[in-house]
Protein chains: 2
Amino acid sequence: MLPVIAAAACCAPLTREPLGQAQADDLARSLKAIADPARLRLISIIAASEGQEACVCDLTEPLDIGQPTVSHHLRVLTDAGFVTRSKRGAWAYYQLVPGALDSVARLLVTA
Amino acid sequence: MLPVIAAAACCAPLTREPLGQAQADDLARSLKAIADPARLRLISIIAASEGQEACVCDLTEPLDIGQPTVSHHLRVLTDAGFVTRSKRGAWAYYQLVPGALDSVARLLVTA
DNA sequence: CGAGTATATCGACAGTCGTCGATATCCACT
DNA sequence: AGTGGATATCGACGACTGTCGATATACTCG
């Protein structure tokens, strides 16, 4: 999937001029990726962590959902380009992609 | 449904501190409302119109989807608090709620 | 190597969503 | 009143999504 930053870098705020079909599709895909309570909480926990990076082992418990589900949500966020995964030993760490959320926010703001 | 502005006015950017379940639910609901290509295009057309207001009759044709579907999307946007409806004569006009998109964008931005 | 732990993938299931055709409602005009 | 146009609602259908349990994979430590 096209990462957020590439998808968002292209165009002016959507309140400026009518969006084309392709641009609308791209932005919708990015928004869908974060339009879920569990994923928003994952993002916020990761963002508030040291170096904006968190171990999966610290993400499973506070959300009160199963481990496979957490893994699924992290995959959606990764595919959309909001976080990146890096495995160190037995543990997996997810880190926020700098500017990813901002590039989406920039498109929404009323110019 | 709780309108965007009320839902978003409450809290700090989600990259600052972990989101609670209720706040995550609210923000996710607002994001879901705009996480659709057709609705994004509707918003962008309305926003680019005179007075940030557009007649439904001008919204049906450019999107290449049926009239009931357009009506449905406008309802979702209205329920979520992004636009308001006003009927004048036989025509219905939808106007952007000032600051609605911005209040969502503010929550996403990396502080 | 073998046991244990961490994470991802798979398959299934219920619930939600986008779309449509048909129909209802409301308004303007004759 | 009656006709025609504009918009909303209804009911249905297929597609997608979030969740789970079971299982696979990969790594660590004895």
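Each chain gets a letter, A, B and so on, in the order the sequences are listed, and its residues count up from 1. Note that the structure is a prediction, hence the values are computed from the model and not measured. All heavy atoms count here, side chains included; hydrogens, waters and symmetry mates do not.
Listed by chain and number, the residues in a side chain to side chain donor-acceptor pair (under 3.5 Å) with A/D36 amount to none (sequence neighbours excluded). With sequence neighbours excluded, the residues that form a side-chain contact (heavy atoms from CB on, under 4.5 Å) with B/P18 are A/S44, A/I45, A/A48. Applying the side chain to side chain donor-acceptor pair (under 3.5 Å) criterion to A/Q67, with sequence neighbours excluded, gives no partner residue.
For the pair B/R85 and D/dA8, the criterion of a side-chain N or O lying under 4.0 Å from OP1 or OP2 is met. For D/dA8, the OP1/OP2 oxygens have a side-chain nitrogen or oxygen of B/Y94 closer than 4.0 Å.
For the atom pair CD1 of A/I46 and CG of A/L59, the computed distance is 5.5 Å after rounding to the nearest 0.5 Å.
The list of disulfide bond (SG atoms under 2.5 Å apart) pairs with a residue in residues 51-101 of chain A, not counting sequence neighbours, reads A/C55-A/C57. Among pairs with a residue in residues 60-92 of chain A, none fulfils disulfide bond (SG atoms under 2.5 Å apart), at least two apart in sequence or across chains. Within the structure, the disulfide bond (SG atoms under 2.5 Å apart) test picks out no pair touching residues 58-111 of chain A (sequence neighbours left out).
Through direct or indirect side-chain contacts shorter than 4.5 Å among Ile, Leu, Val, Met, Phe, Trp and Tyr, A/Y93 is connected to A/W91.
Proximity of a side-chain donor or acceptor of B/R39 to a complementary backbone N or O of B/I34 within less than 3.5 Å is not detected.
Scanning residues 44-59 of chain B for heavy-atom distances under 4.0 Å to DNA chain D yields B/C55, B/V56, B/C57.
For the pair B/L77 and B/A33, the tightest heavy-atom approach, listed with the atom from each and the gap, is CD2-O, 3.6 Å. Across A/P37 and B/A24, no two heavy atoms sit closer than the pair O-CB, 3.7 Å.
Side-chain contact between A/H73 and A/I65 is present, with heavy atoms from C-beta onward closer than 4.5 Å. Side chains of A/L40 and B/L31 form a contact here, defined as non-hydrogen atoms less than 4.5 Å apart. Within the 4.5 Å cutoff, the side chain of A/Q23 has no heavy atoms near those of the A/D26 side chain.
Taking the 5' to 3' direction, DNA chain C first and last meets chain A under 4.0 angstrom from a heavy atom at C/dA6 to C/dT9.
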Taking only nitrogen or oxygen atoms into account, show me every contact under 3.5 Å that the protein makes with nucleotides 15-20 of chain D, one pair per line with its distance.
unit_1 : atom_1 : unit_2 : atom_2 : d
D/dG18 : OP1    : A/D36  : OD2    : 3.4
D/dG18 : OP1    : A/R39  : NH2    : 3.0
D/dG18 : OP2    : A/R39  : NH1    : 3.4
D/dT19 : OP2    : A/H73  : NE2    : 2.3
D/dC20 : OP2    : A/G66  : N      : 2.8
D/dC20 : OP2    : A/T69  : OG1    : 2.9

Sub-3.5 Å pairs of nitrogen or oxygen atoms, protein against nucleotides 27-30 of chain D:
none

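Axis angle between the ends of the helix from C/dC1-D/dG30 to C/dT30-D/dA1, five pairs each and rounded to 10 degrees, works out to 20°.
Of the charged side-chain nitrogens involved, none lies within less than 4.0 Å of a carboxylate oxygen, so that A/R106 and A/D102 do not count as a salt-bridged pair.
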